[in-house]
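Just below is one structure, and these are the notes that go with it.
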Amino acid sequence: MTEKAILAGGCFWGMQDLIRKRPGVVTTRVGYTGGEVPNATYRNHGTHAEAVEIVYDPEQLSYRDLLEFFFQAHDPTTKNRQGNDVGVSYRSAIFYLDEEQRRVAEDTIADVDASGLWPGKVVTEVSPAGPFWEAEPEHQDYLEKNPGGYTCHYVRPDWKLPRRSENAT
């Protein structure tokens with residue numbers, strides 16, 4: 001049994017490349033979501049975010065752990081920007097598929113903010129998932145096909161949420 005997550009953290013090439021390598025991730029695909037243009041494309045995606053759709057095995061990877069990694073792999077404190085990529089397409093967003101994902105997303109954001117480890121407050125949008133328009137074939141697995149290709153994504157080892165103790169209230 002697998003579950004799905006849809007996350008946007010800037011350019012989808014870099015996010016897909018880091019997320020696909022996580023234990024428990026079954027498949028990933030990049031595309032456009034969260035905007036108004038139907039049948040979005042790279043050349044015409046309006047206010048959609050570049051996003052990654054992740055199919056994962058919840059027995060190996062929890063949604064919470066996936067979100068914690070997401071917050072390490074991009075800067076969730078910059079509005080509509082990651083590295084040199086600027087604009088609404090590059091916003092930080094979690095597109096939840098059910099109320100449990102929404103709750104976990106909001107809880108994780110609160111923990112990131114409370115940790116003091118990030119350079120500012122999280123600006124990540126938390127919205128219900130809508131249509132996901134799959135990106136063109138040349139954008140799928142881009143950094144696997146082009147190992148020297150552009151990315152502004154990397155794992156920040158200092159942005160790791162401390163584990164909660166089981167008996168904390």
Side-chain angles (χ1 to χ4, degrees), residues 2-35 37 40-57 60-96 101 105 108-109 112-113 115 117-127 129 131-161:
T2 59
E3 293 184 11
K4 189 188 310 183
I6 301 172
L7 305 174
C11 174
F12 48 28
W13 297 342
M15 288 303 296
Q16 181 185 34
D17 194 56
L18 293 174
I19 289 171
R20 88 152 52 83
K21 296 171 183 167
R22 303 302 295 169
V25 171
V26 178
T27 63
T28 59
R29 66 180 182 142
V30 297
Y32 315 97
T33 193
V37 175
T41 65
Y42 190 73
R43 298 250 178 256
N44 181 25
H45 56 265
T47 59
H48 285 295
E50 290 194 5
V52 182
E53 182 186 78
I54 303 130
V55 176
Y56 64 98
D57 177 353
Q60 295 181 55
L61 178 68
S62 72
Y63 187 65
R64 169 69 185 222
D65 287 340
L66 180 60
L67 292 184
E68 287 186 17
F69 180 76
F70 169 70
F71 285 120
Q72 279 189 278
H74 83 294
D75 185 347
T77 70
T78 56
K79 187 168 179 64
N80 297 334
R81 176 183 195 132
Q82 287 301 308
N84 294 327
D85 295 328
V86 179
V88 71
S89 299
Y90 305 111
R91 70 187 180 272
S92 176
I94 298 167
F95 298 98
Y96 60 87
Q101 284 190 352
T108 306
I109 289 169
V112 167
D113 280 342
S115 75
L117 298 173
W118 278 255
K121 291 295 184 194
V122 171
V123 297
T124 304
E125 160 191 326
V126 178
S127 303
F132 183 90
W133 308 102
E134 184 172 358
E136 298 77 1
E138 63 269 24
H139 296 294
Q140 304 298 329
D141 308 311
Y142 181 84
L143 290 173
E144 245 177 30
K145 298 174 199 164
N146 303 280
Y150 170 78
T151 182
C152 62
H153 292 89
Y154 59 95
V155 178
R156 293 142 173 99
D158 295 340
W159 292 4
K160 185 160 179 55
L161 281 173

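If you're wondering where the values come from, they're calculated on a predicted model, not measured in any experiment.
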Worksheet, complete the sentence: Heavy-atom nearest pair, Phe132 first then Gly31, reads CZ-N, 3.3 Å
Discussion item. Checking the side chain of Asn146 only, and the main-chain atoms of Tyr142 only, is there a donor and an acceptor separated by less than 3.5 Å?
Written reply: yes
Worksheet item: So, for Arg91 and Val88, which heavy atoms are closest and what is the spacing to 0.1 Å?
Response: NH1-O, 2.9 Å
Item to complete: Look up atom CG in Leu67 and atom OG1 in Thr108, then write down how far apart they are to the nearest 0.5 Å.
Response: 5.0 Å
Worksheet item: Does some side-chain heavy atom of Asn80 sit less than 4.5 Å from a side-chain heavy atom of Tyr90?
Response: no
Item to complete: Decide yes or no for Val55 and Thr28: does some side-chain heavy atom of the first lie under 4.5 Å from some side-chain heavy atom of the second?
Response: no
Worksheet item: Is there a donor-acceptor pair closer than 3.5 Å between any side-chain N or O of Lys145 and the backbone N or O of Gln140?
Response: yes
Worksheet item: Do side-chain atoms of Asp113 reach the backbone of Val122 as a donor and acceptor pair under 3.5 angstrom?
Response: yes
Discussion item. Quick check: do Val123 and Thr78 have side-chain heavy atoms less than 4.5 Å from each other?
Written reply: no
Practice prompt. Take Gln82 and Asp85 through the side-chain hydrogen bond (donor to acceptor under 3.5 Å, both in side chains) test and state the conclusion after the steps.
Written response: CA-CA 5 Å; Gln82 287 301 308; Asp85 295 328; over 6 Å; no
Worksheet entry | Ser89 side chain to His45 side chain, donor-acceptor N/O pair below 3.5 angstrom | yes
Item to complete: Any chance you could lay out the side chain to side chain contact (heavy atoms under 4.5 Å, CB included) test for Arg156 and Trp118, step after step, and finish with the verdict?
Response: CA-CA 10 Å; Arg156 293 142 173 99; Trp118 278 255; over 6 Å; no
Worksheet item: Is there a side-chain contact between Tyr32 and Tyr42 (heavy atoms, below 4.5 Å)?
Response: yes
Item to complete: Kindly indicate whether the side chain of Ile6, heavy atoms from C-beta on, has any atom under 4.5 Å from the side chain of Val52.
Response: no
Worksheet item: Hey, are Arg20 and Asp141 close enough for a salt bridge, meaning a charged N less than 4.0 Å from a carboxylate O?
Response: yes
Fill in: Any side-chain heavy-atom pair of Met15 and Phe70 under 4.5 Å
yes
Discussion item. Cation-pi check for Tyr56 against Arg22: NZ or CZ below 6.0 Å from the six-membered ring centre and within 45 degrees of the axis, yes or no?
Written reply: no
Practice prompt. Drop me the distance from Leu66's CG to Phe71's CZ, to the nearest 0.5 angstrom.
Written response: 10.5 Å
Worksheet item: Hey, which of His139, His48, His74 is the one that makes ring pair (Phe, Tyr, Trp, His ring centres under 6.0 Å) with Phe12?
Response: His139
Discussion item. For the OH atom of Tyr150 and the CG atom of Leu143, what is their distance to the nearest 0.5 Å?
Written reply: 10.5 Å
Discussion item. Closer than 3.5 angstrom, by distance alone: can the side chain of Glu50 be matched with the main-chain N or O of Ala135 as a donor-acceptor pair?
Written reply: no
Worksheet item: For Tyr154, does the OH atom sit with more than 12 other heavy atoms under 6.0 Å from it, leaving out its own atoms?
Response: no
Fill in: Which atom of Thr77 lies closest to which atom of Pro119, heavy atoms considered
OG1-CG, 3.6 Å
Worksheet item: Would you say Val25 and Ile54 make side-chain contact, with heavy atoms under 4.5 Å?
Response: yes
Item to complete: Show the numbers, then the answer: is there a side chain to side chain contact (heavy atoms under 4.5 Å, CB included) between Val112 and Trp159?
Response: CA-CA 9 Å; Val112 167; Trp159 292 4; over 6 Å; no
Worksheet item: How many angstroms lie between CH2 in Trp13 and NE2 in His153, if you round to the nearest 0.5 Å?
Response: 12.0 Å
Worksheet item: Measuring from Asp17:CG to Cys11:SG, what's the distance to the nearest 0.5 Å?
Response: 10.5 Å
Fill in: Heavy-atom closest contact (Thr33 atom, Ala51 atom, distance)
CG2-CB, 3.8 Å
Discussion item. I'd like to check the salt bridge (Lys or Arg N to Asp or Glu O under 4.0 Å) partners of Asp65; sequence neighbours left out, ordered by chain and number.
Written reply: Arg163
Worksheet item: Less than 4.5 Å apart, any side-chain heavy atom of Val155 and any of Phe69?
Response: yes
Response to the item:
Minimal heavy-atom distance between Tyr63 and Ile94, with the atoms involved, is OH-CG2, 3.3 Å
Worksheet, complete the sentence: Heavy-atom closest pair (Lys160 atom, Pro157 atom, distance to 0.1 Å) is CB-O, 3.8 Å
